[in-house]
Amino acid sequence: MSKQYLTLHTLDSAHPTDVFALAPTKSQILSASGSSSILVHSTTAADFPLVQSLDGAHKLGIHHLVTSKEGNRAASAGFEGKVKTWRPTEEGIWELEGEIADQAKPGDIWAIALSADGNYLASSSINGKIHVWSLNKAEGTPKIREYETKGSFGLCVDLSADGAFTASGHENGGIYIFNNDTGRLSHSLAGLVHPVRAVSFSPASKLLAAAGDARVIALYDVNSGEQVANLSGHGGWILTLDWSDTGEYLLSGSHDSKAKVWRIETRSCVATHSHGDRPLWAARWLPKATRSEMFALAGGNQAISFYREAAG
Amino acid sequence: MDFDETDQSDEALFHVLSSQASNEDSWGNDFDDDEMLDDGLEEIAIPWVLASSSPQPTSAREHVDPATSKVQASFEYGELADTSDPIALDHVDRFQKDREWVIARIEEMLENIVDGLLGEKKSISITLKSRSGLTRRTAGLPTGSSSLPPKVAEIGFPGATAQEAWKFTVLVRMLEIVHASLIDDVVVTKRQVMFERGSGGCPDLFSDIYYRDPDLFMKQSVVDRYVDDLACTLNISRSQLNVGVLVPKLHKGDKLHLDDVEVILILEKEATFRSLLTSSHWSRMISHTLVLTAKGYPDLATRQFLGIMASQCPNIPTFMLADFDPDGIGIMSTYKYGSYRLAHEAMTDQGTLSLDLPRLRWLGVYSDQIRQLVNQVNGGEVGTATDVRGLMRLSARDRNKASRMLEWDICTEKGQEQEWRHQLQVMLMLNIKAEMQILEELSGGLARWIFEEITKNLYSP
């Protein structure tokens with residue numbers, strides 16, 4: 001059974017160039033692009049007004065931007081190789097908190113992820129190493145885990161909501177799940193062979209979704225490491241994945257501008273949307289408020305579009 | 001000047017395609033049925049090529065004052081190239097080894113391997129003669145000289161080491177490609193040819209052999225070396241392997257008529273240049289287009305020539321076709337703004353301002369074209385980046401280079417090359433790069449694509 005999502009609003013030319021990342025909180029959506037600024041739009045007002053611009057965040061442009069589920073922290077990664085963390089004031093104004101520096105050369109840190117409570121940050125790197133950092137400032141934001149892989153570029157990374165696991169996806173098709181408590185590899189997942197561009201834990205940390213140039217989304221059982229499903233239907237490389245709050249739906253976005261909503265229970269695609277004709281770099285659900293489910297899409301057409309589930 | 005007699009082979013050469021040149025070049029006959037060659041320069045004047053490489057001889061730097069020079073003044077460069085045929089490697093005995101002979105020898109080698117596989121021989125191996133490493137020490141001797149005995153090596157499979165197994169695989173794959181091209185009697189250049197002068201002072205080899213299987217061959221120099229060794233083993237010239245052909249060059253006193261030039265197209269690589277000129281579509285579709293390559297980063301002579309063209313004929317649109325990788329954009333930047341951004345290239349720059357091509361337009365390759373190609377080729381079926389030939393991953397060096405280029409003032413947020421910034425970022429995001437020859441995958445091939453893109457650019461605002 002298909003679902004209907006309606007375009008609620010589009011912020012045309014939100015950024016002057018490709019929007020590479022979206023990071024929602026309960027009341028805002030942060031976005032980053034090839035420009036140096038992080039933009040903050042309100043998601044509680046009908047016209048999604050711009051409420052803040054963090055100018056000059058990363059001079060060479062920003063490739064990754066994430067927020068913690070609790071909305072108490074954001075982290076951004078720039079093409080110059082730095083990772084910055086940001087915190088909101090009580091009024092919802094974002095301020096620079098600090099930088100994670102590891103004598104990193106550009107590209108040493110690539111993808112980033114925050115734990116639900118915002119206390120931990122995971123990063124992937126060009127040499128395949130996966131790091132987990134504590135963001136406790138008093139302790140000097142130490143690196144607490146360093147996981148070795150086979151050396152293939154880590155294109156994507158995620159932390160489970162409970163903080164127990166780190167997952168990474170690699171250019172050679174490798175997908176790994178690490179146990180953060182023991183500091184050991186839990187599973188090396190087989191199945192995709194081709195570059196893996198997105199990994200995402202389900203909200204209950206039971207499933208891991210992974211996708212990339214193979215154009216299928218693979219679902220794995222986090223505990224057993226078994227592949228439990230293959231969701232196929234995308235015609236282009238899959239660049240982004242996001243679970244809905246309840247874990248009922250998975251949102252995916254692809255290089256050929258398509259977004260798809262998948263119902264996990266039936267393993268089926270229930271909606272497909274086109275977002276212009278440029279790569280769809282980012283697709284994110286907005287945390288469920290009182291209203292119906294909403295998601296946002298952004299990419300090469302420089303716009304951010306908001307969709308909501310049709311009533312009834 | 002004979003290439004075989006000197007290491008000083010890096011002069012800027014003018015090569016002009018004209019009917020008057022080099023019919024004595026036995027391999028040039030391959031192109032005699034090409035319409036472009038049959039038409040005299042008087043009628044179409046184009047296309048022709050400026051082929052050059054750095055470093056330039058000092059004499060090339062001396063004379064050009066772009067403000068006063070006539071266009072034809074630049075053709076004095078032609079004097080740098082002697083009128084002797086640069087391919088002087090055809091020994092008499094080699095002429096007796098015709099195509100059938102070479103095919104038979106290669107088939108012999110392949111049969112030996114098959115016999116080995118069938119267990120009729122004790123071992124599977126290829127015996128290879130090599131002069132690599134010898135030529136440099138004996139600079140001044142013709143590379144084809146038999147005065148030094150070649151080294152002989154036995155390369156077996158599976159071999160003693162993984163390295164040997166790989167060498168064997170490389171050789172078999174090359175034998176297969178060369179064999180196929182000989183059977184079809186198509187110079188390998190037909191699809192892609194990399195034509196460049198080797199460090200040993202020998203005019204050489206190119207081929208898309210490398211691009212047929214970049215993962216196997218690892219780098220162009222591997223192909224160069226083994227084609228050399230293969231030619232050495234059979235005691236023939238590379239051209240007899242159907243690998244590489246040299247364009248006839250401009251002779252002293254030749255004149256080019258530039259009045260008819262309506263478009264200038266700069267190609268990053270001679271591979272593409274060669275592919276274009278051997279394409280049957282090209283001559284039908286393109287006229288009045290001057291095509292030029294400097295084989296990578298342009299040298300001063302090339303830039304001086306273009307600078308003169310730009311000052312004399314400022315209204316001729318000039319396009320650049322380069323690889324989708326940091327070097328492609330870097331090369332375009334050198335054409336457009338000079339080499340001062342590329343301090344590591346250690347090139348001295350003279351008269352940067354007058355040599356710049358501020359109106360140079362970027363024809364490709366950029367990410368949108370690749371995206372369309374990927375979607376066209378795969379047609380929605382399950383497939384991946386690597387399904388499209390020519391699409392490759394960025395190396396660590398590529399990524400570093402791209403990041404450094406984002407720091408260039410022209411690529412900053414306020415810089416004048418926003419599209420370069422954008423393309424470098426997308427390259428890094430997807431971690432892919434693509435050679436120009438990827439466009440051959442399109443229906444109609446590269447020639448048609450270039451024609452359509454130029455047309456689109458000329459007639460749209």
Side-chain angles (χ1 to χ4, degrees), chain A residues 16-18 20-21 33-37 55-56 58-64 78-81 105-108 110-111 126-127 151-155 170-173 192-195 197 212-216 230 232-237 239 254-258 277-279 281 299-300 302, chain B residues 215 324 326 366-388 391-434:
Chain A
T17 176
D18 280 34
F20 292 132
S33 70
S35 72
S36 64
S37 307
D55 293 333
H58 296 272
K59 213 174 67 180
L60 307 188
I62 302 163
H63 51 79
H64 283 84
F79 286 101
E80 82 288 358
K105 291 196 296 287
D108 276 2
W110 184 245
I126 185 167
N127 58 16
S152 174
F153 185 4
L155 291 167
H170 297 256
E171 181 135 60
N172 64 357
L192 288 182
V193 183
H194 303 295
R197 299 186 185 274
D213 292 7
R215 304 166 201 231
V216 295
N230 250 344
S232 52
H234 268 295
W237 309 335
L239 306 178
S254 67
H255 190 233
D256 65 351
S257 330
K258 299 285 193 297
D277 61 353
R278 301 295 177 89
W281 297 111
Q302 306 170 8
Chain B
D215 287 343
F324 178 68
Y366 42 82
S367 62
D368 276 5
Q369 294 161 343
I370 292 171
R371 187 170 42 76
Q372 286 162 16
L373 183 74
V374 168
N375 292 330
Q376 174 183 329
V377 169
N378 286 298
E381 285 172 33
V382 172
T384 69
T386 46
D387 292 348
V388 181
L391 210 52
M392 291 178 286
R393 295 167 191 178
L394 294 180
S395 65
R397 176 193 168 274
D398 289 329
R399 293 191 69 86
N400 269 325
K401 175 151 190 155
S403 302
R404 283 203 314 273
M405 288 167 71
L406 285 172
E407 294 174 6
W408 290 358
D409 53 357
I410 48 172
C411 292
T412 58
E413 238 171 330
K414 302 272 180 279
Q416 64 265 49
E417 297 294 353
Q418 287 306 297
E419 195 49 28
W420 296 7
R421 176 183 170 102
H422 174 226
Q423 295 295 332
L424 286 166
Q425 289 174 338
V426 170
M427 217 181 271
L428 286 165
M429 287 298 288
L430 293 174
N431 203 45
I432 57 168
K433 60 180 174 180

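Basis for what follows: all heavy atoms, side chains included, without hydrogens, waters or symmetry-related copies. Throughout, protein chains are lettered first and strands after them, A, B, ... in sequence-line order, and every chain is numbered starting at 1.
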Handout entry: Spacing of CE belonging to B/Met429 relative to CH2 belonging to A/Trp110, to within rounding of 0.5 Å
Key = 5.5 Å
Exercise for the section: Answer whether the closest heavy-atom distance between the side chains of A/Phe153 and B/Arg399 falls below 4.5 Å. Expected result: yes
Problem - Segment of B/Leu424 engaging chain A (4.5 angstrom heavy-atom cut-off) - result: neither
Exercise for the section: Starting at NZ of A/Lys59, measure out to CD of B/Glu413 and round the result to the nearest 0.5 Å. Expected result: 10.5 Å
Exercise for the section: Could you tell me which portion of B/Gln425 (side chain, backbone, both or neither) has an atom closer than 4.5 angstrom to a non-hydrogen atom of chain A? Expected result: both
Handout entry: Heavy-atom closest pair, residues A/Asn172 and B/Arg393
Key = CA-NH1, 4.4 Å
Exercise for the section: Starting from the C-alpha separation in whole Å, work towards a yes-or-no answer on side chain to side chain contact (heavy atoms under 4.5 Å, CB included) for B/Asn431 and A/Glu171. Expected result: CA-CA 9 Å; B/Asn431 203 45; A/Glu171 181 135 60; 2.6 Å; yes
Problem - Interatomic distance, B/Gln418 atom CD to A/Ser35 atom OG [nearest 0.5 angstrom] - result: 9.5 Å
Exercise for the section: Provide the closest heavy-atom pair for A/Arg197 versus B/Leu430 in the form atom of the first, atom of the second, distance. Expected result: NH1-O, 3.0 Å
Handout entry: Gap between atom CZ of B/Arg371 and atom CH2 of A/Trp237 - 0.5 Å precision
Key = 10.5 Å
Practice task
Against chain B, label A/Thr17 side chain, backbone, both or neither, depending on which of its atoms sit under 4.5 Å from a heavy atom there.
Solution key: side chain
Handout entry: Expected output: side-chain A/Arg278 to main-chain B/Asp368 donor-acceptor under 3.5 Å
Key = no
Fill in the blank from the handout: What one should report as the nearest heavy-atom pair of B/Arg421 and A/Gly34 is NH2-O, 2.7 Å
Problem - A/Glu80 and B/Leu406, any side-chain heavy atoms less than 4.5 Å apart - result: no
Practice task
Mind ranking A/Gly300, A/Pro16, A/Pro279 by heavy-atom pairs under 4.5 Å with chain B and telling me who comes out on top?
Solution key: A/Pro279
Practice task
Could you tell me which of A/Asp256, A/Asp18, A/Val193 has the largest number of non-hydrogen atom pairs under 4.5 Å with chain B?
Solution key: A/Asp18
